[in-house]
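Below you'll find the structure, written out as structure tokens, and then a few comments.
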There are 2 protein chains.
Amino acid sequence: MNIGEAATRSGVSAKMIRYYESIGLIDAPARTAAQYRVYADDDVHTLRFVRRARDLGFSLEETRELIALWRDRSRASADVKKLAMAHVRDLEAKAAELKAMADTLRHLAAHCHGDHRPDCPILADFAAQAPTQGKA
Amino acid sequence: MNIGEAATRSGVSAKMIRYYESIGLIDAPARTAAQYRVYADDDVHTLRFVRRARDLGFSLEETRELIALWRDRSRASADVKKLAMAHVRDLEAKAAELKAMADTLRHLAAHCHGDHRPDCPILADFAAQAPTQGKA
DNA sequence: CCTTGACCTTCCCATGATGGGAAGCCCCAT
DNA sequence: ATGGGGCTTCCCATCATGGGAAGGTCAAGG
């Protein structure tokens with residue numbers, strides 16, 4: 001099949017498929033005489049694997065490692081689990097960070113009248129002195 | 001003061017100060033005869049405002065709007081609150097998304113032995129068919 | 001057989017925010 | 001006057017993705 005069909009079937013855009021090939025994340029497929037890339041079902045399978053890893057927030061480099069582990073029949077499941085759990089901690093840390101920002105802002109907004117008056121604790125906070133340390 | 005001191009005092013790197021100036025987020029400061037940028041206390045104040053907005057996850061474009069609102073004494077606090085709450089929802093949505101990924105992965109990892117054996121439900125899930133729809 | 005349109009190819013550019021580093025000038029203290 | 005640190009501009013890299021141009025290809029229908 002051509003790249004368009006592989007894209008549709010895998011959920012990875014043709015643009016990205018070419019890119020993944022260029023960085024060596026996936027193997028270069030065979031070509032027709034006219035240089036068209038030709039994919040097999042197994043390639044689509046790999047692309048879906050990549051898609052799933054990306055959807056779960058793994059970087060392309062991490063995805064590269066995951067593919068290697070996937071291909072390596074002799075790897076221990078502990079290796080995979082270790083990588084996965086490290087990523088879980090990353091994700092949770094980032095989520096917590098975003099949540100903290102949201103909470104701070106929500107708190108500031110709660111004290112903002114939100115009416116026609118100009119006074120606003122949100123901007124007042126932003127404009128307050130002290131970068132991080134206390135004491136200007 | 002020179003850009004280095006403004007950077008230290010505001011918590012914004014000299015590199016970023018120049019960048020913010022180049023995109024018109026902040027005003028171009030006066031220059032010495034030797035083209036050195038000269039900042040006043042008020043400029044540091046603005047830079048700290050930007051820093052705070054960035055720390056709370058606002059994009060530079062949103063920060064631009066916030067500065068405009070900050071400078072506009074006649075704006076209604078409702079305008080600020082609206083922008084802030086929209087951002088809070090953004091942050092919370094992103095946090096929830098990351099949390100969902102983490103939960104999914106944590107769940108998969110929970111079923112992974114994590115020992116010397118090669119079988120791993122994590123990779124098995126990644127390699128499973130079906131992109132998003134059910135049914136291959 | 002030729003046209004049309006959908007598909008493919010490569011190549012370059014843009015995003016958003018930031019950092020790194022080079023080449024060259026400037027300023028102050030010793 | 002010399003040295004070192006700070007300043008200037010300019011270009012490049014990151015990370016993952018999309019947009020689009022210019023040109024070749026293939027299949028279907030007239």
- Item | Contact nearer the 5' end of DNA chain D, comparing B:Tyr39 with A:Leu60 |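 Checking each residue's closest nucleotide, the 5'-ward one belongs to B:Tyr39.
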
- Query: Mapping A:Tyr19 and A:Tyr36 onto DNA chain D by nearest heavy atom, which one lands closer to the 5' end?
  - Reply: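 Looking at DNA chain D, the more 5' nearest nucleotide goes with A:Tyr19.
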
Report the distance from atom [atom1] of [X] to atom [atom2] of [N], rounded to the nearest whole Å.
X       : N      : atom1 : atom2 : result
A:Arg18 : C:dC11 : CZ    : C1'   : 12 Å
B:Ile3  : C:dC27 : CD1   : P     : 16 Å
B:Ile23 : C:dT15 : CD1   : P     : 11 Å
B:Arg64 : C:dG16 : CZ    : P     : 11 Å
A:Arg37 : C:dT9  : CZ    : P     : 5 Å
A:Ile17 : D:dA16 : CD1   : C1'   : 15 Å
A:Glu62 : D:dC15 : CD    : P     : 11 Å
B:Arg31 : C:dC25 : CZ    : P     : 17 Å

- Message: Pairing donors with acceptors under 3.5 angstrom, does anything connect the side chains of B:Thr46 and B:Arg51?
- Response: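 Looking only at side-chain atoms, B:Arg51 and B:Thr46 do not form any donor-acceptor pair under 3.5 Å.
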
- Message: Is A:Tyr20 close enough to D:dA16 that one of its side-chain N or O atoms is under 4.0 Å from OP1 or OP2 there?
- Response: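 So the side-chain polar atoms of A:Tyr20 never come under 4.0 Å of the phosphate oxygens OP1 or OP2 of D:dA16.
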
- Query: Taking OP1 and OP2 of D:dG18, is either one under 4.0 Å from a side-chain nitrogen or oxygen of A:Ser13?
  - Reply: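 Yes.
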
- Task: Report the nucleotide, chosen from D:dG18, C:dC8, C:dG19, that has the shortest atom-to-atom distance to any side-chain atom of A:Asn2.
- Result: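 Of D:dG18, C:dC8, C:dG19, C:dC8 is nearest to the side chain of A:Asn2.
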
- Taking only the side-chain heavy atoms of B:Met16 (C-beta and beyond), determine which of C:dG19, D:dT25, D:dG18 contains the nearest atom.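 Shortest atom-to-atom distance from the side chain points to C:dG19.
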
- Task: Look at atom CZ of B:Arg73 and say whether more than 12 heavy atoms of other residues, nucleotides or ligands are closer to it than 6.0 Å.
- Result: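 No, the 6.0 Å shell around CZ holds no more than 12 heavy atoms from other groups.
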
- Taking all heavy atoms of B:Ser10 and all of B:Ile17, pick out the closest pair and write down the distance.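 So the two residues come closest at OG-CD1, 4.4 Å.
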
- Message: Reading DNA chain C from 5' onward, which residue's closest nucleotide shows up sooner: B:Thr32 or B:Ser59?
- Response: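 The 5'-side residue here is B:Ser59.
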
- Task: Examine distances only and state if a side-chain atom of B:Arg18 and a backbone atom of B:Ser22 form a donor-acceptor pair shorter than 3.5 Å.
- Result: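 Side chain of B:Arg18 to backbone of B:Ser22, a donor-acceptor pair under 3.5 Å: no, none is there.
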
- Steps toward ring-ring contact (aromatic ring centres under 6.0 Å, His included) verdict (B:Trp70, B:Phe49): CA-CA 10 Å; B:Trp70 183 37; B:Phe49 182 99; 4.2 Å; yes

